[in-house]
Number of protein chains: 2
Amino acid sequence: MTTSIRDLAAACGLSVSTVSKALNGYPDVSEKTREQVRRAAESLGYHPSAIARSLKTGRSFNLGVLYSDDTQSGFTHNYFGPVLQAFKQEAERRGYDITFISKGQQGMTYLQHCQFRSIDGVCIVCSHFSDPEVQELLSGPLPVVTVDYVFNNRSCIQSENRQGMELLTRYVIARGHRKIAYISGDEGAVSGVRVTAFRRVLREAGIPLLEAYVAGGRYHDPATARRVTRKILALPDPPTCILMPDDTAALGGMDAIRAAGLRIPEDISIAGFDGVPILQMCKPRLTTVRQDTEAIGIGAARKLIHLIEAPDTTFPEILSVPCSLLEGETVGLQH
Amino acid sequence: MTTSIRDLAAACGLSVSTVSKALNGYPDVSEKTREQVRRAAESLGYHPSAIARSLKTGRSFNLGVLYSDDTQSGFTHNYFGPVLQAFKQEAERRGYDITFISKGQQGMTYLQHCQFRSIDGVCIVCSHFSDPEVQELLSGPLPVVTVDYVFNNRSCIQSENRQGMELLTRYVIARGHRKIAYISGDEGAVSGVRVTAFRRVLREAGIPLLEAYVAGGRYHDPATARRVTRKILALPDPPTCILMPDDTAALGGMDAIRAAGLRIPEDISIAGFDGVPILQMCKPRLTTVRQDTEAIGIGAARKLIHLIEAPDTTFPEILSVPCSLLEGETVGLQH
DNA sequence: TCGATGATCGAAATCGTTTTAGGTCTTTCT
DNA sequence: AGAAAGACCTAAAACGATTTCGATCATCGA
């Protein structure tokens, strides 16, 4: 089959241990034999078995990714997808592979699945942080980083949701809007921060906010967005602009607006959150807040690897990456 | 640390081998001790180490996924993304994890990366089948299935591109179009089959085809699509309908059409291929051919696992899954 | 010249499993 | 009763690496 270290040792006329040490840079092997081993490895096409190595060293160079979401969108999730992609690429650059930790594999919990595969650390990015299995993993023995969720003494990376929301709200106000509605996503810290920022910017601008203008919604759920939007449009004094929890939901909102016979942005304005690329190619181009998914994914990978490789010099921390405004065509001038 | 089989054996007062056999359903262990072992395993929270098991058995229950694409879209690729998602889910259902095989990991080729991780089999889905490393993998010792690429004596799964293209072309003709342009994707078997089907349906319908109407393009590249569309629109006798290689490219085409001051579908019609869900929520809803990405992903996983688990009863074969027409709003009636 | 010191190398244990080849004891058959 | 056959279990050898602990040998200072 594939050549093992024993074959290599035989080919060199050396012992297995010497060969191993030569390859792993131990000091007690002469430069001459080291070079000989290298050459032989090259010509035999030798590569060590990650599995055998892991068994002995306890390090697998494998990062777990816990990703579960309601929306069934999987890899193609408009926000998590690109985050995972960046995470994976950065991990690979550092010599790690990734494996997805999934529910119900052979009756194992998430944590057990990690131990089963001897995962070195895990990145949790999902919508079910209240799941007991997720909590078990969060308080378990493995290095962990989370995305968009702060847990006691664990590292987290997320967008500067406050700054992003401020950016958007200020922009909308600058376009002349005074009657602004806000539909939030699933309850949680992210939604909380955003709505708080929204309220504060309005207050600071001296703009009154009807409580009927702020409604609960769901992330990445166009159907819910459609329903909530319809309700808001039916208000006695409807808003001139609606802020949606994300771009996907915005699509549902736009649908409801069109169904009501209104034009975007002439009759009513709408904005999203996330900045999914493909929607920037559709008409009308959605005005939204771009989350730097690449920076988030890369940051998560770096932090996790750091936690693994230098546990003594690294501490849990909350990292934030700034958002930017994507000015599209869905927020009109209001006077 | 985590409990090993030795701990379990000690707790039961049995030998390691008996415990192993009890857990693995060997016949030469009494039902009584088997039950005892099961109970002890449960209460100690014992789960075997996948790594140690792999080392001994040579089976890792790990499927490699080779996925590289030009477009940098990664997981969020409109066609490959959903395919991979379905592949992953089906693999997990069968007790397999997946790991991505990537270029340049520690200076390893794809094949070496597979061997490094003791991958049981690999699913190749990418756009670079001409890459020597991909070819090495294709002719290597591991079980392989491919998506959208037929290789000598390897299993392949793909859409019934002929049938899909026929469906669309007939539909467009039925809507009254006679001057139909076709922009194809990157050169290759898939593109070939589609354009052939397109030509044949036209011929059978007795509709003449201007050679200037069929142009080369690129998959998932809106910029190229825009350029090619512009050129076609500038023809002395422009078509009334343009068929694009995929939905993403269609976006570029629509852009060029709008830039030319034409309306969709009143002035000119356009259709895509793939059926990406999010675009079905945008206006105007794109008329396109839906590829059953879920069936493709699941089929790939099943076939691969079958090749792994029952190599003697399984043979390489080409599997095809039918497409369906997604009637949107971008192909108008022509008279 | 002799012991000490370094420089290289190798033997063997180990990681956590699986699996082969026996081993022991009871039962059954003749 | 003696042998054959089952039933049940264990010892030990792998799998392919890493790593500890010695072993060997040449060199060197005194």
Side-chain angles (χ1 to χ4, degrees), chain A residues 1-38 40-41 44-62 95 106 108 112 114-120, chain B residues 1-38 40-41 44-62 95 106 108 112 114-120:
Chain A
M1 202 65 80
T2 86
T3 72
S4 82
I5 198 174
R6 248 184 285 275
D7 307 328
L8 187 51
C12 292
L14 290 169
S15 78
V16 169
S17 27
T18 304
V19 169
S20 172
K21 290 197 280 194
L23 258 20
N24 293 349
Y26 276 63
D28 61 340
V29 39
S30 76
E31 204 43 58
K32 190 162 64 74
T33 55
R34 193 188 301 278
E35 196 45 46
Q36 174 200 6
V37 170
R38 278 216 196 92
L44 290 190
Y46 168 80
H47 280 270
S49 152
I51 281 189
R53 171 179 293 171
S54 305
L55 183 58
K56 180 63 179 148
T57 62
R59 296 262 287 104
S60 65
F61 285 89
N62 225 311
Q106 321 288 82
M108 292 183 281
Q112 287 169 335
C114 285
Q115 314 194 126
F116 174 67
R117 287 287 182 192
S118 302
I119 293 295
D120 289 336
Chain B
M1 202 66 81
T2 87
T3 71
S4 82
I5 199 175
R6 247 184 286 275
D7 306 327
L8 188 51
C12 293
L14 290 168
S15 79
V16 168
S17 26
T18 303
V19 169
S20 173
K21 289 199 280 193
L23 258 20
N24 292 347
Y26 276 64
D28 62 340
V29 40
S30 75
E31 204 44 55
K32 188 161 66 76
T33 55
R34 192 188 302 278
E35 196 46 46
Q36 174 201 6
V37 170
R38 279 215 195 93
L44 290 189
Y46 168 79
H47 280 269
S49 153
I51 281 189
R53 170 179 294 171
S54 306
L55 183 56
K56 182 59 182 156
T57 63
R59 297 262 285 104
S60 64
F61 284 89
N62 225 312
Q106 320 288 85
M108 294 183 280
Q112 286 169 336
C114 285
Q115 315 194 124
F116 174 66
R117 288 286 181 192
S118 303
I119 293 294
D120 289 336

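Please read all numbers here as calculations on a predicted model, not as lab measurements. Proteins come first, then strands; the chains are lettered A, B, ... in the order of their sequence lines, and each starts at number 1. Computation of the quantities below employed the complete heavy-atom set of this structure, encompassing side-chain atoms and omitting hydrogens, waters and symmetry-equivalent molecules.
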Any sub-3.5 Å donor-acceptor pair from [X]'s side-chain atoms to [Y]'s backbone N or O?
X	Y	result
A:Thr57	A:Arg53	yes
B:Asp7	B:Ser4	yes
A:Ser54	A:Ala50	yes
B:Asp120	B:Phe61	yes
A:Thr18	A:Leu14	no
B:Arg34	B:Tyr26	yes

Whole angstrom is fine here: how far is it from [atom1] in [X] over to [atom2] in [N]?
X	N	atom1	atom2	value
A:Asn24	D:dG16	CG	P	17 Å
B:Lys21	D:dA7	NZ	P	14 Å
B:Lys32	D:dA7	NZ	P	16 Å
A:Leu8	D:dG16	CG	P	14 Å
A:Leu14	D:dA23	CG	P	21 Å
A:Phe61	D:dT18	CZ	P	11 Å

Rounded (10°) bend between the five-pair end axes of the helix from C:dT1-D:dA30 to C:dT30-D:dA1: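 For the helix from C:dT1-D:dA30 to C:dT30-D:dA1, the axes at either end differ by 60°.
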
Any B:Tyr26 side-chain nitrogen or oxygen under 4.0 Å from OP1 or OP2 of D:dA7: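 B:Tyr26 to D:dA7 OP1/OP2: no side-chain N or O under 4.0 Å.
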
Phosphate OP1/OP2 of D:dC9: any B:Ser17 side-chain N/O under 4.0 Å: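 For D:dC9, neither OP1 nor OP2 has a side-chain N or O of B:Ser17 closer than 4.0 Å.
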
Regarding [X], tell me which of base, sugar-phosphate or nothing describes its non-hydrogen contacts under 4.0 Å with the strands shown.
X	answer
A:Phe116	nothing
B:Ser4	sugar-phosphate
A:Ser20	base

Give, for atom [atom1] of [X] and atom [atom2] of [Y], the distance between the pair rounded to the nearest 0.5 Å.
X	Y	atom1	atom2	answer
A:Asn62	A:Ile119	CG	CD1	4.5 Å
A:Gln112	B:Tyr46	CD	OH	12.0 Å
B:Ile51	A:Arg117	CD1	CZ	8.5 Å

Donor-acceptor pair under 3.5 Å, B:Asp28 side chain vs D:dC9 base: yes

Those residues of residues 47-54 of chain A lying under 4.0 Å from DNA chain C by at least one heavy atom: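 Going residue by residue through residues 47-54 of chain A, none turns out to have a heavy atom under 4.0 Å of DNA chain C.
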
Test item: side-chain donor near acceptor, B:Ser30 and B:Thr33, under 3.5 Å: yes

5′-ward residue of the pair B:Thr18/B:Leu55 relative to DNA chain C: B:Leu55

Minimal non-hydrogen separation, A:Gln115 against B:Thr2, with atom names: OE1-CG2, 3.9 Å

Span of DNA chain C in contact with chain B (heavy atoms, under 4.0 Å):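 Nucleotide range in contact with chain B: C:dG16 to C:dA21.
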
